[in-house]
Amino acid sequence: MKYQCPPGMKDLVSEAALFRKLENDFMETLLNSGFQEIRTPMLEAKELFCRSVGEESDIVSKEMFETLDGLVLRPENTAAIMRAVVANQSLIPSNLCYFAPQFRKERPQKGRLRQFYQYGFELIGEAAPEAEIKSLILINQLFAKWNLSQYEIQVNYLGNTEDRKKYLSVLTKFLQDNKNSLSVKSQSRLTGNVLRILDSKEELDVALLKSAPKILDYLGPESQKEWQLFLELAQLAKIKLTINPYLVRGLDYYTGVVLEVVDLSNNLGSQNALGGGGRYDGLSQALGGPALSAFGFAGGVERLILALNLSEIKTNSEKIGLISNEAETIPLFMELKNKFATLNIDINFNYTLGFKKMFKRADKINCTKVVIYGSNEREQGIVKIKDMKTGTETIVSGRLLDLDLSTLG
Ligand code: AMP
């Protein structure tokens with residue numbers, strides 16, 4: 001075939017109704033919880049993501065689709081939303097949500113696409129730990145709505161700048177001392193942001209990292225207090241959490257609590273992160289805005305669908321067909337369709353086809369009943385109704401426009 005869908009991207013046809021349902025479910029839950037929808041442009045200045053997500057992150061260093069004039073297709077939505085909030089400070093404080101496509105030039109595989117949808121939300125201007133607890137409750141509420149139970153919420157605490165500085169020097173020393181046990185890729189990261197090495201899934205690294213120092217052991221008293229309070233509140237709210245002391249997430253803007261929702265159904269293979277988020281109190285200032293506390297979460301729609309083991313949902317596509325061999329009938333059919341606007345009615349305009357072909361088409365598009373009003377019926381003052389399942393025809397005498405389509409069923 002000459003033109004194909006670009007790699008890592010998909011035409012959504014049979015899945016479209018499922019996407020619509022998930023979006024409706026998500027928006028209903030969020031709007032009922034006081035959130036407001038935000039839609040930002042698909043294209044943003046490249047610099048926005050360099051400043052926020054970080055130059056050294058995989059996303060920025062190699063996964064962005066760039067245009068000739070320095071714009072990129074957004075790889076994620078948080079930075080764009082913060083850009084919008086900084087530009088429009090009447091949005092502070094606000095709870096914002098989105099269901100939107102994101103773009104990353106990754107190597108496509110199961111659960112990893114180049115255009116994928118995220119459902120996400122941001123609590124802007126909300127301090128810890130309230131925003132964290134609210135978000136966790138929402139995540140559990142959404143997954144309950146989607147009947148997803150096989151998942152685990154992993155959390156970690158990245159502390160403040162001071163804590164991270166202290167931890168980084170200890171971690172760097174540990175990794176330098178064990179350089180030869182690291183993968184080549186991680187060795188090359190020793191001169192950059194070494195925190196990212198903790199994200200590595202390489203076998204060699206995973207083995208070494210089991211004995212690496214943990215950030216939770218390097219928190220100052222203030223951070224300790226906040227982390228403990230967060231854990232206590234989560235327990236009070238009956239939120240089950242798993243502490244993963246090596247969870248750092250790949251983006252530069254996180255501070256404080258970070259979380260990842262991990263799928264336990266085994267339906268996802270190696271790409272088992274259903275969603276992730278964290279606190280990003282420094283992002284507003286990094287983008288030239290005021291000091292602002294904020295917490296956000298984003299989940300992947302395609303991975304949610306894989307975890308739920310759904311490929312499509314059945315929508316009721318049953319129709320009533322109206323067919324005739326006369327052009328004059330078309331306005332009458334239109335009138336009938338308007339009268340029964342809530343019914344799923346298909347009019348076959350192509351009266352030159354002949355009845356045989358019109359029936360064939362009606363069957364193909366799932367018409368369960370077909371109303372026949374051709375020249376013969378008009379002359380006899382009758383309407384014929386064919387049951388497409390049984391093949392039986394019923395004759396109704398009277399005007400076509402008096403026919404009650406709602407009783408055909
Ligand atoms: P991130 O913005 O990287 O924290 O991603 C949040 C969530 O989006 C992940 O946990 C995945 O569920 C989903 N996601 C991220 N990248 C992709 C991708 N390339 N294809 C499909 N889903 C993705």
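One-based numbering, in listed order, for ligands and for the atoms of each. The basis for the numbers below is simple: all heavy atoms, side chains too, and nothing from hydrogens, waters or symmetry mates.
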For residues [X] and [Y], is any side-chain donor paired with an opposing acceptor at under 3.5 Å?
X	Y	result
Q224	Y157	no
E63	S57	no
T29	K145	yes
D281	T255	no

Any N or O of A298 closer than 3.5 Å to N or O of ligand 1
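No; every N/O pair is 3.5 Å or more apart.
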
Any atom of ligand 1 sitting under 4.0 Å from a heavy atom of Q118?
yes

Under a 3.5 Å distance rule, please check whether R303 uses its side chain to pair with a backbone N or O of A273 as donor and acceptor.
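It does hold such a pair.
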
Quick check on the 6.0 Å ring-centre criterion: do Y119 and W146 meet it?
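Yes: the rings meet the under 6.0 Å criterion.
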
Are the ring centres of F143 and Y151 closer than 6.0 Å?
yes

Between L304 and ligand 1, which residue portion shows a heavy-atom distance shorter than 4.0 Å: side chain, backbone, both, or neither?
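The answer is neither.
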
Can you report which non-hydrogen protein atom sits closest to [atom], along with the distance?
atom	result
atom 22 (N) of ligand 1	F116 CD1, 3.5 Å
atom 2 (O) of ligand 1	R104 NH2, 2.8 Å
atom 9 (C) of ligand 1	A273 O, 3.9 Å
atom 19 (N) of ligand 1	E106 OE2, 2.6 Å
atom 13 (C) of ligand 1	G300 CA, 3.6 Å
atom 4 (O) of ligand 1	R249 NH2, 2.5 Å
atom 21 (C) of ligand 1	G111 O, 3.3 Å
atom 20 (N) of ligand 1	L113 N, 2.9 Å

Report, in ascending order of atom number, the atoms of ligand 1 lying under 4.0 Å from any heavy atom of L274.
10 (O), 12 (O)

Among R361, K337, K319, find the one that has a side chain to side chain donor-acceptor pair (under 3.5 Å) with D346.
R361

